[in-house]
Amino acid sequence: MTYQQLKNSFLEYFEKQGHKVIGSASLIPDNDPTVLFTTAGMHPLVPYLMGEKHALGKRLASCQKCIRTSDIDEVGDGTHHTFFEMLGNWSLGDYFKKETIKFSWEFLTQVLKLDKDRIAISIFGGNSDVIDYDSESEKYWLELGLNKDRIAKVSENWWGPAGLSGPCGPDTEMFYWTGQDQAPKIFDPEDKKWVEIWNDVLMEYNKIAEGKFEKLKQKNVDTGMGLERTLAVLNNYDDNYLTELFQPIIKKIEDLSGKKYASDKKIFRIIADHIRSAVFIMGDPKGVGPSNKDQGYVLRRLIRRAIRYGKNLEIKNNFCLELAKIIIEKYKADYPELEKNQIFITTELEKEENKFQATLEKGLREFYKQKNIDGKIAFLLFSTYGFPLEMTEELAKENNIKINKTDFEAEFQKHQELSRTASVGMFKGGLVDDNYNTKRHHSAAHLLLEALRRVLGPHVEQKGSNINQERIRFDFSHNEKMSDEQKKQVEDIVNEQIKKALPVNCEEMPLAKAKEVGATGVFEHKYGDKVKVYSMGKSSSISSEIPFSREICGGPHVDNTKELISFKITKEESSSAGVRRIKAILGKNN
Ligand code: SER
């Protein structure tokens with residue numbers, strides 16, 4: 001069975017069972033500041049699992065792009081990836097255990113025609129005093145003909161929430177025997193030849209912020225099938241990298257390195273996996289380029305780790321781009337955003353590879369001179385040679401070089417303090433003389449950011465600003481030229497807020513609180529600190545009314561938006577790859 005056939009047959013099967021198929025959401029979650037990436041198909045559906053009505057009804061199915069950075073150390077075996085696709089079906093307060101177990105069994109054995117003798121099941125084993133073992137699911141599996149020996153009770157069979165709080169519940173997982181021999185009679189979930197391919201979460205609970213569990217308004221089902229793993233077992237592979245999804249990439253690495261996959265499997269897999277993730281992160285509709293913060297930092301780690309392993313294979317020239325092209329080609333029919341963002345992907349990737357190739361060798365020489373890695377060296381490797389911290393740690397482990405972790409972290413803490421002071425200084429510099437007009441332009445920049453997000457979408461983030469007495473210059477993430485209509489809409493929104501004469505309020509709060517109330521702003525280098533949050537619109541964070549704009553910012557600002565008089569965009573142009581620049585002015589106030 002091919003990749004396309006598997007995907008189609010899953011979605012068609014669930015359509016026949018009354019499900020509506022929805023498209024994959026962005027890899028970068030919309031409303032969850034506690035995680036960087038979408039980690040499961042249920043992630044974009046959280047509001048509906050909590051009880052909100054979905055426009056398409058109570059039965060949904062999808063194939064969702066996912067990134068799990070927590071699995072990065074496992075990548076290198078045959079079944080783990082940082083990026084993967086998840087097939088899933090959902091019941092939003094509709095069917096529950098009996099039906100989902102039946103659907104799963106029917107799909108695996110009748111549609112995919114997987115060998116029943118190679119399937120095993122785990123169910124929630126209970127956690128002594130709180131919730132009992134899931135005898136109901138066990139009963140349904142037995143009724144379908146599963147042998148009792150092939151059903152294991154596992155107390156860890158509990159899934160979620162995806163972030164720090166949200167819907168979760170016990171789950172029942174399906175495994176397939178990938179050994180060449182007959183599957184053992186008794187299922188041992190610890191045996192790695194049993195590969196988990198599907199997980200049905202029986203979602204009855206909501207974990208709230210204080211860590212407590214409460215019953216959800218409705219009983220849901222949330223399932224997730226690993227597409228790469230299922231494709232592998234359907235083709236009798238015990239290694240996902242042997243499937244059509246990875247073979248072209250693996251072959252290209254063989255060509256470029258002159259080495260064979262069979263002799264360096266782990267390295268080939270890491271390179272293929274990481275570049276595939278990088279392509280999907282940059283090519284996402286809300287895609288980002290490499291940077292030193294958040295998703296951009298994860299992306300940088302992935303690319304640089306792949307490049308470092310490329311060195312181990314003695315690949316002479318840049319290679320990431322060659323692999324990226326193959327990946328875009330393979331996936332562009334299903335994910336047209338990859339083709340649309342091809343220039344952004346290739347430009348960013350090439351820039352990053354050039355940058356890192358220029359320092360990697362020297363950095364490695366510096367590294368190999370050391371007997372111990374202390375904070376100062378790790379910091380030098382980071383700041384001068386661009387080694388992400390995790391890479392230095394990994395290199396040290398591989399070479400049995402001792403690493404002083406406490407010292408290491410202290411040095412970074414110090415660096416964060418330094419860069420914070422530096423950025424505050426820079427910001428102050430931006431506001432030159434605290435001139436009243438400069439202050440007005442600064443407040444207008446806040447309204448502008450929020451207006452851009454409303455018109456162009458929540459992917460818009462501030463990328464820089466330069467504000468003086470004359471004008472506002474504002475850089476933000478967005479891939480396309482703005483249309484005249486969009487510019488007009490943005491101007492109208494800002495002018496409307498000026499007309500409304502909104503009060504401007506400043507509050508100090510811990511960073512976590514600022515995130516919780518949905519303030520936008522640069523979160524890096526500020527951990528554990530109190531930050532200032534400026535709101536334009538209704539007053540404070542305790543008020544239930546949501547202000548028009550809420551940003552983490554050093555200030556200063558005007559007291560009321562009416563002081564801005566009127567707002568006009570004078571120019572909209574490209575600033576750099578994926579970043580646009582707006583220049584704007586305000587009506588005179590005198
Ligand atoms: N959310 C569950 C998982 O990720 C099922 O989709 O395994």
Side-chain angles (χ1 to χ4, degrees), residues 6-7 10-11 13-14 17 19 21-25 27 29 32 34-50 54 58-72 74 79-97 99-101 103-105 107-108 120-124 134 137 152 154-176 189 194-207 213 216 218-230 233 240:
L6 169 57
K7 222 186 216 185
F10 183 91
L11 298 175
Y13 171 79
F14 280 100
Q17 316 303 328
H19 295 65
V21 174
I22 54 172
S24 173
L27 268 178
D32 191 345
T34 66
V35 290
L36 293 176
F37 294 104
T38 299
T39 56
M42 56 73 76
H43 212 150
L45 295 174
V46 169
Y48 312 104
L49 294 162
M50 301 288 290
H54 194 287
K58 292 182 170 178
R59 295 183 177 205
L60 303 174
S62 81
C63 178
Q64 172 66 44
K65 308 185 275 188
C66 301
I67 293 244
R68 287 195 182 167
T69 45
S70 55
D71 283 344
I72 194 163
E74 317 242 19
T79 54
H80 283 87
H81 307 289
T82 47
F83 168 88
F84 64 99
E85 288 174 274
M86 186 185 276
L87 295 161
N89 59 286
W90 290 275
S91 151
L92 306 172
D94 190 15
Y95 58 83
F96 202 45
K97 298 186 185 185
E99 295 84 343
T100 192
I101 288 175
F103 290 153
S104 294
W105 184 247
F107 182 69
L108 290 177
I121 303 295
S122 64
I123 56 167
F124 178 59
D134 188 3
S137 294
V154 179
S155 55
E156 286 82 41
N157 271 30
W158 183 279
W159 198 89
L164 292 178
S165 55
C168 52
D171 65 45
T172 172
E173 302 176 0
M174 288 146 265
F175 293 76
Y176 194 77
W194 285 108
V195 171
E196 184 204 334
I197 53 173
W198 202 352
N199 181 12
D200 289 3
V201 184
L202 312 153
M203 215 163 235
E204 279 187 82
Y205 298 91
N206 179 31
K207 186 175 180 192
F213 294 91
L216 281 171
Q218 61 192 37
K219 287 182 179 173
N220 305 299
V221 169
D222 152 43
T223 91
M225 168 184 270
L227 184 143
E228 287 80 354
R229 289 182 181 182
T230 310
V233 304
N240 299 358

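The figures here come from the full heavy-atom set of this structure, side chains too, leaving out hydrogens, waters and symmetry mates. Each ligand, and each atom within it, is numbered from 1 in the order the structure gives.
A donor-acceptor contact closer than 3.5 angstrom is absent between the side chains of T172 and D200. For the 3.5 Å distance criterion, the side chains of T223 and W198 qualify, holding a donor opposite an acceptor.
For the pairing with L49, the side chain to side chain contact (heavy atoms under 4.5 Å, CB included) check across P161, P167, C168 returns one residue only, P167.
Not counting sequence neighbours, the partners of D94 by the side-chain contact (heavy atoms from CB on, under 4.5 Å) test are K58, R59, S91.
Within 4.0 Å of ligand 1, protein heavy atoms come from A40, M42, R68, M86, W159, N199, V201, D222, T223, G224.
Taking the ring centroids of F213 and W158, they lie under the 6.0 Å cut-off.
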For H19 and F10, run ring-ring contact (aromatic ring centres under 6.0 Å, His included): C-alpha distance rounded to whole Å, both residues' side-chain angles, the deciding distance at 0.1 Å, then the answer. CA-CA 11 Å; H19 295 65; F10 183 91; 8.9 Å; no
